[in-house]
Amino acid sequence: LKATAIDASDLQVFKRYVINFDKDLPHFKTSGGMSASSSSIRITSPVLMWIEALDMILEKMKADQFPFDKVLAISGSGQQHGSVYWMQGAATLLGALDPVQKLAPQLSKAFARSESPIWADSSTGAQCARVEAAVGRDRLAKATGSRAYERFTGMQIAKIIEEEPSVYAQCEHISLVSSAMCSILLGIYAPVDTSDGSGTNLNQLQEQGGLTWFAPALAAVAPKDVAGLRRRLGPGLCAGHQVLGTVAPYFAARYGMVDSCLIVAWSGDNPCSLAGLGLQEAGDVAVSLGTSDTMFAVMDKASPGEDGMVLRNPVDPASYMGMLVFKNGALSREQVCKEHCDGQWERWEKMLAETPPGNKGAIGFYFHSPEITPTTGERFGIFRFDENDKEASSFPGSMEVRAVVESKFMAMRGFAQGIGMGQAKRIVATGGASSNRSILQVLADVFGVPVFTLEQSDSASLGAALRAAHAHRCAEGRFVSFAEVVAGKIDYQLAAKPTTGAEDVYAAALPRYLRLLQ
């Protein structure tokens with residue numbers, strides 16, 4: 001859990017606090033914040049761990065004499081897709097918190113399910129198939145922004161209804177991780193925002209501003225009691241910049257927050273990262289190069305399809321956010337570096353420079369584990385093709401190095417077109433591999449646009465703070481664009497310019513790449 005405080009005048013960070021779930025809350029026995037499980041596909045996190053972490057970080061701030069009385073607005077970021085199941089009567093507990101006590105003991109019996117299914121869960125394949133059969137895969141994707149994904153909240157709810165009916169019967173309200181934490185600060189159940197709600201398969205993406213649920217999906221998830229599911233989810237969603245109220249009396253009494261402190265709708269980690277990286281208009285693209293590689297961008301229009309996700313933009317109710325997730329990221333690059341460069345990244349950079357853009361026609365697909373984009377099901381492996389489209393068992397070292405990099409960025413370009421991302425104007429790179437300038441050069445060449453980096457880290461936490469500042473400005477009487485709020489406040493560093501002629505090479509190669517991938 002991270003807390004990032006920014007100054008309202010210049011939006012610069014002046015305080016950061018961090019709680020590590022595994023290290024600071026060892027009694028929950030988590031790894032990476034996830035509970036140990038006998039199943040490799042059922043992945044959860046303890047709800048009370050998050051609440052204890054909130055207690056701990058607030059106490060840490062208090063001990064540091066953090067100026068709670070100066071806080072104007074609070075928003076937050078929660079890991080996307082996770083679901084929280086409040087027990088019958090939990091609303092009463094939320095509204096009557098005793099400031100003498102910490103939160104966790106008072107909310108220990110507030111949940112019908114102590115473990116929250118999270119983004120890493122992939123145990124709902126049967127529910128995905130059933131919902132898609134009932135609604136239609138293409139119809140579901142066009143309506144909600146995505147086909148049915150195992151990790152999405154709607155599929156998790158369907159699994160609970162089918163396999164844990166007693167838990168569902170005891171459940172008074174269902175939150176996302178983001179809206180659950182927002183509810184605690186607010187003292188009442190907070191609605192889901194339209195951006196995080198776009199990761200549920202339950203939302204109506206393109207109608208009425210994304211503020212309503214998609215009735216056919218609700219009926220497919222809870223065929224015997226649609227009204228009950230609607231009641232648990234709440235009447236609708238809210239815009240990402242919406243002020244939901246002021247801070248609950250508990251936090252005013254215990255920490256000295258002012259009664260007028262605004263609570264802004266929380267959102268998901270990916271939408272908040274979009275805000276934290278300062279993406280403002282169509283053509284702004286971010287690429288996160290980590291364990292998984294993620295690409296997201298601002299879009300004027302939505303064109304959901306078989307792969308990727310389309311969400312509402314968390315800072316602009318009139319536009320969208322496209323998102324692509326590639327599971328095989330750092331592991332694939334590290335494996336090639338280990339096999340061909342003796343694990344030395346300096347050697348990697350030299351070998352990458354030895355081959356020209358386009359890799360002399362050599363193309364590889366590196367699926368060390370089953371891939372999300374494109375969806376490979378349970379299939380995985382490494383597939384190589386020479387310049388004549390013939391399968392190859394191996395490439396020379398320098399060709400292999402370039403192939404593993406080019407392949408990922410070609411996939412990003414190809415699938416981005418498929419969900420309507422349009423022409424990139426600039427790319428902001430983050431994540432571990434963003435420090436490798438040779439990799440960023442290939443990224444610039446494939447897309448034909450400059451690539452920038454940022455010194456700051458924790459883009460999701462920072463994005464939540466920037467969203468709070470944005471909502472505070474909007475609450476003054478009129479909607480103010482996010483671009484106007486952050487103008488001149490984010491310091492980008494140019495990392496790579498496209499090589500002359502390189503983009504033409506990749507544009508010509510893309511149809512062949514996609515054909516071989518198919």
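Residue numbers start at 1 and run along the sequence shown. Predicted, not measured: the structure shown is a model, and the values here were computed from it. Values reported hereafter were calculated over all heavy atoms of this structure, with side chains retained and with hydrogens, waters and symmetry mates removed.
- Going from atom CZ of Phe395 over to atom CG of Asn359 covers 7.0 Å, rounded to the nearest 0.5 Å.
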Please tabulate, for side-chain N and O atoms in residues 508-518, each donor-acceptor pair with protein atoms closer than 3.5 Å (sequence neighbours left out).
| residue | atom | partner | partner atom | Å |
| --- | --- | --- | --- | --- |
| Arg512 | NE | Asp389 | OD1 | 2.6 |
| Arg512 | NH1 | Gly361 | O | 3.0 |
| Arg512 | NH2 | Gly361 | O | 3.0 |
| Arg512 | NH2 | Asp386 | O | 2.8 |
| Arg512 | NH2 | Asp389 | OD1 | 3.0 |
| Tyr513 | OH | Ser407 | O | 2.8 |
| Tyr513 | OH | Ser407 | OG | 3.4 |
| Arg515 | NH1 | Asp389 | OD2 | 3.2 |
| Arg515 | NH2 | Asp389 | OD2 | 3.0 |

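- In this structure, CE in Met34 is found 7.0 Å from CD1 in Ile43, a value given to the nearest 0.5 Å.
- Of the charged side-chain nitrogens involved, at least one lies within less than 4.0 Å of a carboxylate oxygen, so that Arg413 and Glu503 count as a salt-bridged pair.
- A side-chain contact (heavy atoms from CB on, under 4.5 Å) with Val131 holds for exactly one of Asn201, Val221, Thr124; it is Val221.
- Every residue two or more places apart in sequence or in another chain that forms a side chain to side chain donor-acceptor pair (under 3.5 Å) with Thr499 is listed here: Gln441, Asp445.
- A donor and an acceptor atom, one from each side chain of Arg312 and Thr194, are nowhere located under 3.5 Å apart.
- Between Glu400 and Arg384, at least one side-chain nitrogen of the basic residue sits less than 4.0 Å from a carboxylate oxygen of the acidic one, meeting the salt-bridge criterion.
- Under 4.0 Å is where a charged nitrogen must lie from a carboxylate oxygen, and between Asp284 and Arg426 at least one such pair does.
- In Lys489, the NZ atom is crowded: over 12 heavy atoms of neighbouring residues, nucleotides or ligands sit closer than 6.0 Å.
- A distance of 8.5 Å separates OG of Ser267 from CE of Met321, quoted to the nearest 0.5 Å.
- Ring geometry for Phe152 against Tyr149 counts as tilted: the plane angle lies between 30° and 60°, on a 0 to 90° scale.
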- Task: Check step by step if side chain to side chain contact (heavy atoms under 4.5 Å, CB included) holds for Lys350 and Glu346.
- Result: CA-CA 7 Å; Lys350 291 179 181 178; Glu346 296 84 359; 5.6 Å; no

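- Closest approach of Phe214 to Thr144, counting heavy atoms only: CD2-CG2, 3.9 Å.
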- Message: Assess the residue pair Ile427 and Leu440 against the criterion (side chain to side chain contact (heavy atoms under 4.5 Å, CB included)); give the C-alpha distance rounded to whole Å, side-chain angles, the decisive distance to 0.1 Å, and a yes or no.
- Response: CA-CA 10 Å; Ile427 296 174; Leu440 298 190; over 6 Å; no

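- A donor and an acceptor atom, one from each side chain of Asn270 and Gln80, are located under 3.5 Å apart.
- Leu244 approaches Ala265 most closely through the heavy-atom pair CD1-CA, 3.8 Å.
- Not a single donor-acceptor pair under 3.5 Å links the side chain of Lys15 to the backbone N or O of Ala3.
- Remark: the backbone N or O of Phe482 is not paired with any side-chain donor or acceptor of Gln280 at under 3.5 angstrom.
- A donor-acceptor pair is defined here as one N or O able to donate and one able to accept, closer than 3.5 Å; such a pair exists between the side chain of Thr373 and the backbone of Val325.
- Looking at Glu132, its side chain never comes within 3.5 Å of a backbone N or O of Arg147 through a donor-acceptor pair.
- Ala286 and Leu277 make their closest contact through CB-CD1, 3.6 Å (heavy atoms, listed as atom of the first residue, atom of the second, distance).
- Taking the side chain as every heavy atom from C-beta outward, Leu1 and Phe21 approach each other to under 4.5 Å.
- A distance-only check finds no donor-acceptor pair linking the side chain of His340 to the backbone of Pro396 [under 3.5 Å].
- One finds the CG atom of Leu324 at 10.0 Å from the CE atom of Met309 (value rounded to the nearest 0.5 Å).
- With contacts defined as side-chain heavy-atom distances shorter than 4.5 Å, the pair His470/Arg473 does not qualify.
- Applying the side chain to side chain donor-acceptor pair (under 3.5 Å) rule to Ser116 yields no partners; only residues at least two apart in sequence or on another chain are considered.
- A donor-acceptor pair under 3.5 Å links the side-chain atoms of Arg467 to the main chain of Gly240, judged by distance alone.
- Shortest non-hydrogen contact noted between Ser435 and Gly432 is OG-O, 3.0 Å.
- Defined by atom type and a distance below 3.5 Å, a donor-acceptor pair is present between the side-chain atoms of Asp22 and Thr30.
- Remark: Ser319 pairs with Asn313, Asp316 by the side chain to side chain donor-acceptor pair (under 3.5 Å) rule, at least two apart or across chains.
- Within a 6.0 Å radius of CZ in Phe479, other residues, nucleotides and ligands contribute more than 12 heavy atoms.
- At a cut-off of 3.5 Å, with distance as the only test, a side-chain donor of Thr4 or Ser461 sits close to an acceptor on the other residue.
- Checking Met155, Gln156, Glu150 one by one against Pro117, the side-chain contact (heavy atoms from CB on, under 4.5 Å) holds for a single residue, Gln156.
- Residue Gln344 places its CD atom among more than 12 non-hydrogen atoms of other residues, nucleotides or ligands, all under 6.0 Å distant.
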- Message: Pair Asn436, Arg333 - check side chain to side chain contact (heavy atoms under 4.5 Å, CB included), show working.
- Response: CA-CA 12 Å; Asn436 189 311; Arg333 291 185 289 271; over 6 Å; no

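- Side-chain atoms of Ser288 do not come within 3.5 Å of backbone N or O of Thr294 as any donor-acceptor pair.
- For Gln208, the CD atom is loosely surrounded, since the number of other residues' heavy atoms within 6.0 Å does not exceed 12.
- Thr200 and Thr153 share no donor-acceptor pair across their side chains, judged by distance under 3.5 Å alone.
- Contact annotation: the side chain of Leu311 never approaches that of Phe296 to less than 4.5 Å [non-hydrogen atoms, C-beta and beyond].
- Not counting sequence neighbours, the partners of Gln79 by the side chain to side chain contact (heavy atoms under 4.5 Å, CB included) test are Trp50, Ile118, Trp119, Val177, Asp269.
- Of all heavy-atom pairs between Ser146 and Gly308, the closest is OG-O, 3.9 Å.
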- Does the side chain to side chain contact (heavy atoms under 4.5 Å, CB included) test come out yes or no for Phe447 and Tyr506, once each step is laid out? CA-CA 8 Å; Phe447 282 87; Tyr506 292 113; over 6 Å; no

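- With sequence neighbours excluded, no residue forms a side chain to side chain donor-acceptor pair (under 3.5 Å) with Lys327.
- Here the closest heavy-atom approach between residue Ala220 and residue Val135 is recorded as CB-CG2, 3.8 Å.
- With respect to Arg137 and Glu306, a salt bridge is recorded, a charged nitrogen being found less than 4.0 Å from a carboxylate O.
- The CZ atom of Phe326 sits 5.0 Å away from the CE atom of Met412 when rounded to the nearest 0.5 Å.
- The CD1 atom of Ile19 sits 11.0 Å away from atom OH of Tyr17, with the distance rounded to the nearest 0.5 Å.
- The closest donor-acceptor contact from the side chain of Arg402 to the backbone of Leu352 lies under 3.5 Å.
- Distance alone, capped at 3.5 Å, is enough to place a donor-acceptor pair between the Asp293 side chain and the Gly290 backbone.
- Remark: the Ser9 side chain and the Asp7 side chain contain an N/O donor-acceptor pair separated by less than 3.5 Å.
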